[in-house]
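Everything on this sheet refers to the single structure shown next.
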Amino acid sequence: MPAVQNVLVVGAGAAGSAAAIALARAGVRVDLIDTAASVNALGSGITLQGNALRELRALGVWEACRDQGYAFEGLGLRAPDPAGTLIAEIPELRTGGDDPPATMGMYRPALAQILIDRAAEVGARVRFGTRYNAFLQDDDGVHVDFADGSTGRYDLLVGADGINSQTRRGLGIDVEPRGIGLGIWRCFGPRPESVTRTDLIYGGPSYIAGYCPTSEDTLYAYIVEDYQDRSGLSPQQGLEVMRSLAEAYHGPWDEIRDNLTDASRVHYTRFSTHVVPAPWHRGRVVLIGDAAHTCPPTIAQGAAQAFEDAAVLADVIVRRDTLDEDAWAEFTDRRFARAKAVVDASMQLAQWQLDHERGDVPGLMRGISQMLATPA
Ligand SMILES: Cc1cc2nc3c(=O)[nH]c(=O)nc-3n(C[C@H](O)[C@H](O)[C@H](O)COP(=O)(O)OP(=O)(O)OC[C@H]3O[C@@H](n4cnc5c(N)ncnc54)[C@H](O)[C@@H]3O)c2cc1C
């Protein structure tokens, strides 16, 4: 019998929906709540590397994701010159094993919908538009007051409520994410035929310009710059800024820029980081995903690490009879150093950009990929 019988998962993003699926499938009663009114209908793309795809397969959603995503192998490097000259093609390690591809691009809301549908299918009770006001725990469980006046009693509360986690603050953990000085413009649009994998352009007036196909018809593209407070810009002004930054980049970028016409598909986000020191639990409340650690997306691992947190937490709970300190020690041993190594590597890549330093990018990426190729 699993170590817990009923769980409240707070946050239905990558971490929370994956945890809900893995626990509910094993017979645990799961309430999955999210403050958002519904699965977000708008959004950009996401790059899922092999280790993320391995977890999606374990959750039973690989085929559904593959059907909606765009799989590819390897990474291209282009120059910031008038032709967008291809200067290198770098093979990527299949970190998910022989079966899933090295990488897959996907539309974020499509991934979110697949995960939520799966959580409901395996028996999790999913409630959007729901928040809690407070929790109070004792040795045996957690009492939760919901904002609608209802209450619940759970064996475990999983805080998967993202970078600004209410649960983290509720535990009195005062580690907060900090900006690292970079910001990213992202847009979502039609895929030019020439875009069949991720290509990155380092340099030019911005730090990085890149793109990733997300389906036969779509892609997302991004430009990384020094962080600026862009909050005062209207959507149309944001579109114009991204278009003007994209003027410096060519090759497939010429078509991407021409297609960049829908202001509602352009977003600006600050790069942030934090790592909650181990352990990530206090009594019967545990943090996973961005609530516990955030990395700048320089190696596209945030969601992958969130899936791994969820998988390991569920594995520990399902294999053990009691949620004792041994169980938590196993969770901490399998997750903390690995997630921190990913954050550290992502930060190193970002720092090399900020310092205009070349750095051993291939060596760093190879080391991380080798680590990720072994399941968490
Ligand atoms: C610009 C950018 C690009 C990225 N690109 C990639 C990429 O290509 N590949 C990759 O693997 N990762 C990428 N990431 C990282 C990835 O998006 C995150 O690491 C991942 O989404 C974390 O999942 P999560 O479930 O922990 O948090 P979230 O996805 O943020 O989900 C948290 C959920 O909790 C809900 N919530 C918040 N507060 C409460 C509350 N109090 N009560 C209930 N619900 C609440 C929110 O509505 C949300 O649905 C990127 C990140 C950024 C910023």
Side-chain angles (χ1 to χ4, degrees), residues 8-20 31-40 43-53 55-56 69 95 103-109 111-112 115-116 126-135 144 146-147 157-170 177 179-180 182-188 198 208 210-212 214 220-225 227 267-274 276 280 287-310 313 339 342-343 346 350 372:
L8 175 65
V9 180
V10 180
S17 53
D31 280 350
L32 174 61
I33 64 164
D34 200 293
T35 47
S38 62
V39 177
N40 193 358
S44 186
I46 188 161
T47 304
L48 298 165
Q49 294 177 355
N51 63 317
L53 303 179
E55 300 305 338
L56 293 174
T95 53
T103 312
M104 190 171 80
M106 220 179 151
Y107 183 45
R108 271 182 187 261
L111 173 63
L115 288 168
I116 289 299
V126 185
R127 285 186 288 158
F128 280 97
T130 304
R131 65 170 64 243
Y132 73 86
N133 284 339
F135 61 82
V144 180
F146 293 100
L157 188 160
V158 178
D161 42 359
I163 186 166
N164 297 310
S165 170
Q166 175 187 1
T167 309
R168 186 178 67 230
R169 290 166 188 164
I180 65 161
L182 293 172
I184 186 168
W185 287 99
R186 285 180 293 171
C187 67
F188 189 78
T198 287
I208 305 171
Y211 46 73
C212 172
T214 46
Y220 77 105
Y222 43 92
I223 296 179
V224 179
E225 64 169 12
Y227 174 71
H267 305 268
Y268 189 69
T269 312
R270 185 167 81 143
F271 283 3
S272 305
T273 188
H274 79 288
V276 172
W280 294 338
L287 304 175
I288 62 171
D290 275 13
H293 49 83
T294 315
C295 49
T298 41
I299 51 174
Q301 269 293 320
Q305 291 306 299
F307 291 145
E308 289 189 357
D309 286 350
L313 179 66
V342 168
V343 174
S346 307
L372 296 174

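Whatever order the structure lists them in is the order used to number ligands and atoms, beginning at 1.
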Nearest-option assignment for [atom], heavy atoms, candidates [options]:
atom: atom 51 (C) of ligand 1; options: Arg108, Arg186, Gln301; answer: Arg108
atom: atom 48 (C) of ligand 1; options: Asp309, Thr269, Asp34; answer: Asp34
atom: atom 8 (O) of ligand 1; options: Thr294, Ile299, Thr47; answer: Thr47
atom: atom 52 (C) of ligand 1; options: Pro297, Ala292, Ala291, Ala112; answer: Pro297
atom: atom 45 (C) of ligand 1; options: Val224, Thr35, Asn133; answer: Thr35

Look only at the side chain of [X] and the backbone of [Y], and say whether a donor-acceptor pair between them is shorter than 3.5 Å.
X: Thr273; Y: Cys295; value: no
X: Thr198; Y: Tyr211; value: yes
X: Asn51; Y: Leu372; value: no
X: Ser346; Y: Val342; value: yes

Distance to 0.1 Å, residue and atom name: give those for the protein heavy atom nearest to [atom].
atom: atom 37 (C) of ligand 1; value: Asp161 O, 3.3 Å
atom: atom 23 (O) of ligand 1; value: Ala14 CB, 3.7 Å
atom: atom 12 (N) of ligand 1; value: Ala303 N, 3.1 Å
atom: atom 26 (O) of ligand 1; value: Asp290 N, 2.8 Å
atom: atom 15 (C) of ligand 1; value: Gly302 CA, 3.7 Å
atom: atom 31 (O) of ligand 1; value: Gly13 CA, 3.5 Å

Considering only heavy atoms of [X], which atoms of ligand 1 have at least one such atom less than 4.0 Å away?
X: Gly289; answer: 26 (O)
X: Ala15; answer: 24 (P), 25 (O), 26 (O)
X: Gln166; answer: 40 (C), 41 (N)
X: Gly162; answer: 27 (O), 30 (O), 32 (C)
X: Gly11; answer: 33 (C), 34 (O), 35 (C), 44 (N)
X: Ile184; answer: 1 (C)
X: Val10; answer: 42 (N), 43 (C)

Shortest non-hydrogen separation from [X] to [Y] and the atoms involved:
X: Pro177; Y: Asn164; answer: CG-OD1, 4.2 Å
X: Gln49; Y: Thr95; answer: C-OG1, 4.3 Å
X: Ala291; Y: Asp161; answer: CB-OD1, 3.9 Å

Side chains of Asp290 and Arg168, heavy atoms from C-beta outward: is any pair under 4.5 Å?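 The answer is no; the side chains never approach within 4.5 Å.
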What is the distance from atom OG1 of Thr214 to atom CG of Leu48, rounded to the nearest 0.5 Å?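 The CG atom of Leu48 is 11.0 Å from OG1 of Thr214, to the nearest 0.5 Å.
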Please state whether Ala304 comes within less than 4.0 angstrom of ligand 1, counting heavy atoms only. yes
Test: Arg108 cationic atom under 6.0 Å from Tyr220 six-membered ring centre, within 45° of axis: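 No cation-pi geometry.
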May I ask you to decide if the ring planes of Tyr268 and Trp185 are parallel, tilted or perpendicular, using 30° and 60° as cut-offs?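 Ring orientation of Tyr268 relative to Trp185: tilted.
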At under 4.0 Å between heavy atoms, which part of Tyr220 makes contact with ligand 1: side chain, backbone, both or neither?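 Only the side chain of Tyr220 comes within reach of ligand 1.
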Short version for Ala160: what comes under 4.0 Å of ligand 1, heavy atoms counted, is backbone
Under the side-chain contact (heavy atoms from CB on, under 4.5 Å) test against Phe135, which residue among Val10, Leu157, Leu8 passes? Leu157
Just checking Arg270: does its CZ atom have more than 12 heavy atoms from other residues, nucleotides or ligands closer to it than 6.0 angstrom?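 Yes.
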